[in-house]
Amino acid sequence: MNLSTAFFEKAFGTFEQLTVSDLPEFCFSGRSNVGKSSLINKLTNRKSLARVSGKPGKTVTINFYRADDIRIVDLPGYGYAKVPFAERTRWSDLMEGYFKSGRNIKCVFALIDMRHPATDFDISMLDFMQQMDIPYHIVLTKCDKLNKTERKKREEAFLTEIPCFDQITSVWTSTTTFEGISDLKEIFEELSSEDYEFEEEKFEE
């Protein structure tokens, strides 16, 4: 698979606008300004494929990118408090409609900023995917912003902040140092193979 062939295909702002899911989809979710667009650009080796903004809450649509025989899906960021109530309602309806419409979702990459504790929105998103049996991996972003001691503390903290964290596949990433980029590309390759069957993770209580 050559992710560098990716190109912007379409964007939808409401569930009713979504077209039929006819290709495997790899989704990127996370709170506003967690680094979804930057990571997509790094994975595809494109500087501005996904629009990067310094202001949170700018991605208000589901953006689809086509690469070979898959789609990369950039989901709107959640948790930005200054978004009007009507906009949050639209976002909620859009996300629920997307995930419950039987799409061919190979994996959701749930991005969490490694510098900070997982938010209630992060935990709710992970719980939702678990309840819906949607395959997902946790992607910890901005690892380069921490020194070794700070990183070790955050690694230990996630064990208590995120239920069953030690049982969930996680990838530590940085779009500055390229850490984790090759690991994510390998996941794309594995999950896009026709004979690959995602092994559902069973969490111990």
Side-chain angles (χ1 to χ4, degrees), residues 25-43 52 56-57 59 72-81 83 88 91-92 95-96 98-100 105-192 196-205:
E25 296 179 359
F26 293 80
C27 306
F28 289 77
S29 75
R31 68 171 181 80
S32 296
N33 212 30
V34 74
K36 296 189 303 298
S37 297
S38 295
L39 188 57
I40 290 173
N41 288 339
K42 190 64 63 174
L43 283 167
V52 178
T59 302
I72 298 172
V73 184
D74 186 7
L75 301 174
Y78 53 75
Y80 185 49
V83 173
R88 292 199 299 269
W91 179 92
S92 178
M95 290 298 94
E96 185 173 1
Y98 174 81
F99 282 117
K100 291 185 176 181
I105 299 175
K106 282 291 186 179
C107 183
V108 175
F109 296 105
L111 274 63
I112 298 175
D113 189 331
M114 188 176 180
R115 299 172 297 175
H116 309 294
T119 67
D120 290 341
F121 289 104
D122 293 325
I123 302 302
S124 295
M125 187 67 180
L126 296 177
D127 181 66
F128 173 79
M129 290 186 288
Q130 177 69 16
Q131 296 299 321
M132 292 291 295
D133 292 327
I134 298 172
Y136 69 92
H137 295 320
I138 291 177
V139 177
L140 298 168
T141 64
K142 307 182 183 182
C143 294
D144 60 289
K145 304 297 184 181
L146 301 177
N147 60 38
K148 290 183 179 180
T149 301
E150 293 169 335
R151 175 167 173 161
K152 181 63 176 179
K153 289 181 178 179
R154 292 302 307 133
E155 290 177 3
E156 294 173 350
F158 279 128
L159 292 172
T160 57
E161 294 168 2
I162 300 177
C164 305
F165 179 76
D166 58 337
Q167 301 176 50
I168 305 172
T169 299
S170 59
V171 182
W172 320 79
T173 67
S174 166
T175 56
T176 300
T177 66
F178 290 85
E179 179 179 355
I181 300 302
S182 61
D183 295 328
L184 288 177
K185 288 182 178 180
E186 288 180 5
I187 292 174
F188 269 86
E189 290 286 353
E190 289 180 355
L191 297 184
S192 62
Y196 184 90
E197 183 176 351
F198 193 93
E199 182 179 352
E200 182 181 354
E201 293 175 293
K202 301 296 185 181
F203 296 160
E204 297 179 0
E205 298 294 339

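- By the 4.0 Å N-to-carboxylate-O rule, D113 lies close enough to R31 to be salt-bridged with it.
- Residues H137 and C107 come closest through the heavy atom pair CD2-SG, 3.6 Å.
- For the residue pair D122 and T119, a side-chain donor N or O sits within less than 3.5 Å of a side-chain acceptor on the partner.
- Across all non-hydrogen atoms, the minimal contact from S37 to D74 is OG-OD2, 3.3 Å.
- Looking at I72 and L43, their side chains never come closer than 4.5 Å, going by heavy atoms from C-beta outward.
- Across S174 and C143, no two heavy atoms sit closer than the pair CB-N, 4.4 Å.
- Shortest non-hydrogen contact noted between V171 and G180 is CG1-O, 3.9 Å.
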In sequence, state the C-alpha distance, the side-chain angles, and the governing distance for F109 and F188, and then conclude on ring pair (Phe, Tyr, Trp, His ring centres under 6.0 Å). CA-CA 11 Å; F109 296 105; F188 269 86; 5.5 Å; yes
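- By the 6.0 Å contact criterion, CG on D120 is open, its count of non-hydrogen atoms from other residues, nucleotides or ligands being 12 or less.
- A donor-acceptor pair under 3.5 Å is absent between the side-chain atoms of S170 and the main chain of V139, judged by distance alone.
- Note that NZ of K185 is 13.0 Å distant from CD1 of I187, once rounded to the nearest 0.5 Å.
- With contacts defined as side-chain heavy-atom distances shorter than 4.5 Å, the pair L126/I138 qualifies.
- When side chains are defined from C-beta on, L184 counts as touching L39, because their heavy atoms get closer than 4.5 Å.
- For the atom pair N33 CG and K142 NZ, the distance stands at 5.0 Å (nearest 0.5 Å).
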Between I162 and I123, is the side chain to side chain contact (heavy atoms under 4.5 Å, CB included) condition met? List the steps. CA-CA 7 Å; I162 300 177; I123 302 302; 4.0 Å; yes
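- Summarising the geometry of P135 relative to K106, their closest heavy-atom pair is CB-O, 3.4 Å, with the distance given to 0.1 Å.
- For the pair T141 (side chain) and L111 (backbone), a donor-acceptor distance under 3.5 Å is absent.
- Atoms OG and OH, on S29 and Y98 in that order, are 10.0 Å from each other to the nearest 0.5 Å.
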Decide yes or no on side chain to side chain contact (heavy atoms under 4.5 Å, CB included) for F158 and M114, but give the supporting numbers first. CA-CA 9 Å; F158 279 128; M114 188 176 180; 4.0 Å; yes
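- A salt bridge between E155 and R151 is present, with a side-chain N of the basic residue lying under 4.0 Å from a carboxylate O of the acidic one.
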S124 vs Y78, test: side chain to side chain contact (heavy atoms under 4.5 Å, CB included). Steps then yes/no. CA-CA 11 Å; S124 295; Y78 53 75; over 6 Å; no
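- Rounding to the nearest 0.5 Å gives a distance of 8.5 Å between CG of D144 and CZ of R115.
- For R154, the side-chain hydrogen bond (donor to acceptor under 3.5 Å, both in side chains) partners are E161, not counting sequence neighbours.
- Between L75 and M95 there is a side-chain heavy-atom pair separated by less than 4.5 Å.
- Partners of E150 according to the salt bridge (charged side-chain N to carboxylate O under 4.0 Å, His left out) rule, which considers only residues two or more places apart in sequence or in another chain, do not exist here.
- When side chains are defined from C-beta on, D183 does not count as touching W172, because their heavy atoms never get closer than 4.5 Å.
- Every residue two or more places apart in sequence or in another chain that forms a side chain to side chain contact (heavy atoms under 4.5 Å, CB included) with N41 is listed here: L49, A50, V52.
- Looking at V108 and F128, their side chains never come closer than 4.5 Å, going by heavy atoms from C-beta outward.
- Closest approach of I105 and C27 over heavy atoms only: CG2-SG, 4.1 Å.
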